[in-house]
Amino acid sequence: MNNDSPQAASNQFFKTRLGVIAATVGSAVGLGNIGRFPYEAGNNGGAAFLFVYIFFVVAIGIPVICAEFVIGRSTRRNIAGAFRELHAGFPWNLPAGTGLLASFLIMGFYSVVAGWTIYYLYESFSGFGGIAETAQLHERFDAFTQTPWKSLVCTLLFLLVNFLVISRGIRNGIEKFSNIMMPLLVVILLAFCINSLFLPGAKEGLSFLFSPDFSKITPGVVLSAMGQTFFSLSVGMGTLATYASYFNDRTALVRTASVTAVSDTIVAILAGIMIFPAVFSFGIQPEAGPRLVFEVLPSIFMKIPLGALWSTLFFILLFMASLTSTISMTEVSTSYIIQEWKLSRKKAVVVNAIIVTVLAVICALSFSVLSGIKIAGMTFFNLSDFLVSNILMPLGGMFISAFVGWRLERRVLRRQLTPEGHSARTPRYISLIVFSLKYVTPVCIFLVFIFGLL
Ligand code: TRP
């Protein structure tokens with residue numbers, strides 16, 4: 001198909017409002033919601049943490065998502081082209097560079113973890129070799145990640161699926177797949193939650209997550225709630241700006257930003273409702289991150305009726321949540337390569353896939369043959385995570401919000417944020433968003449940034 005044909009042109013925009021929501025929520029909902037949020041909340045004061053988290057989502061999350069949307073839709077360009085078109089000189093245009101770098105680095109380590117979900121799907125079928133204790137599952141996890149060919153095959157398989165979706169374009173690739181995967185994800189998640197509420201440890205699990213303990217709110221907890229907000233909402237890397245460049249003029253930006261932020265938070269809470277009753281029913285210690293997902297939960301699945309089925313469903317859930325996130329990460333660099341290097345989408349995907357595959361292979365091998373190679377005391381896998389989560393995302397978010405708050409012409413902002421047909425008066429919420437972008441967000445991010453580095 002020729003690039004100028006009407007079909008090709010329509011494939012450069014999202015088609016429906018639901019598609020826009022499915023894709024942006026799909027970007028936000030990922031491993032961070034299922035592996036990280038429940039544990040952070042439970043261990044940092046339960047409902048008290050939730051309260052602080054929701055405050056940040058509203059006060060900072062929604063404004064920064066709006067800022068990214070404005071940058072993307074007002075220019076309809078990739079992240080570098082967008083800053084150029086808005087005449088953002090140095091240092092305002094920093095997010096273009098940090099966003100592109102972050103989108104490559106995050107793909108490196110995120111796709112390795114996403115690849116693990118494929119292996120665990122296979123493990124679910126085979127019943128984890130009959131093992132049900134966390135200590136043995138821990139050894140099994142280590143043995144798997146330390147076997148180079150196994151983790152390489154899984155990572156490469158995941159990347160293949162990811163790039164196949166991306167190569168099909170916006171409407172036929174990203175939107176179509178998000179439209180299928182997001183509703184499925186919600187159905188599976190709800191099935192888990194309902195089942196969870198009938199478990200013997202339901203009360204204890206829910207109180208771990210929801211009983212407020214305000215004495216646990218320390219400055220450290222506040223900072224980790226803020227860090228979690230950025231990571232979970234995928235802001236600060238130009239991902240949402242890139243998606244917004246494919247929105248049509250009628251997409252209401254503030255509403256889309258709010259729906260994205262609220263849905264992401266609901267999914268995180270549902271993940272907690274799914275996980276903790278089960279953990280407490282079996283008297284297992286809640287763990288963080290990969291250990292929760294790849295050791296604690298499998299040990300529970302091995303002890304419940306129809307465990308293989310639940311386990312399969314869980315890793316399908318995790319796989320889909322990861323895939324809708326990685327396609328949005330790769331789209332940042334794909335759209336950059338297409339527009340700036342003037343390549344066709346297919347060629348851009350090949351170039352991108354080569355770069356990402358090299359990074360992902362290094363990350364995958366940093367659990368085995370490359371585990372001895374450390375930079376600043378970290379393996380390449382940990383270093384990429386650190387650079388993206390603690391440096392590039394906060395830095396990008398800070399400059400994006402400061403640029404839109406202080407430098408961008410108010411006329412552009414107002415036109416983008418005012419829904420069609422309401423242009424007579426500037427709605428009040430726009431002033432609130434601008435206030436947050438000018439003062440609240442940059443100061444808060446600066447603090448996370450500094451404390452994150454300490
Ligand atoms: N929000 C994703 C999650 O919760 C992680 C993430 C961080 C992300 N930055 C991103 C996803 C950029 C897509 C694009 O797992």
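Indexing begins at 1, ligand by ligand and atom by atom, following the structure's order.
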Hey, is ligand 1 close enough to Leu31 that some N/O pair sits below 3.5 Å? yes

Ala28 heavy atoms within 4.0 Å reach ligand 1 at atoms 1 (N), 2 (C), 3 (C), 4 (O)

Notebook entry, point to check: Are Phe367 and Trp116 near enough that their ring centres are under 6.0 Å apart?
Noted result: yes

Short version for Phe231: what comes under 4.0 Å of ligand 1, heavy atoms counted, is both

Checking heavy atoms under 4.0 Å, the part of Met393 that sits near ligand 1 is side chain

Between Glu175 and Arg168, does at least one N-O distance fall below 4.0 Å, as a salt bridge requires? no

- When you look at Asn162 and Thr330, which way does the side chain to side chain donor-acceptor pair (under 3.5 Å) test go after all the steps? CA-CA 8 Å; Asn162 177 70; Thr330 1; 3.3 Å; yes

Below 6.0 angstrom between ring centroids: does that apply to Phe319 and Phe158? yes

Atoms of ligand 1 under 4.0 Å from any heavy atom of Ile106, numbered from 1 in the order shown, are 7 (C), 9 (N), 10 (C)

*asked:* Please check whether Ser325 reaches ligand 1 - meaning an N/O of the residue sits under 3.5 Å from an N/O of the ligand, judged on distance alone.
replied: no

Atom 10 (C) of ligand 1: closest protein heavy atom, distance to 0.1 Å, is Ser234 CB, 3.6 Å

Quick note on ligand 1: atoms under 4.0 Å from a heavy atom of Ser232 include exactly 1 (N), 4 (O)

**Message:** Quick check: Tyr439 with Trp406 (ring centres under 6.0 Å apart)?
**Reply:** yes

In ligand 1, the atoms that come under 4.0 Å of a heavy atom of Ser328 are 13 (C), 14 (C)

Closer than 4.0 angstrom: is that true for some heavy atom of Tyr110 and an atom of ligand 1?
yes

In this structure, atom 12 (C) of ligand 1 is nearest to the protein heavy atom Thr239 OG1, 3.5 Å

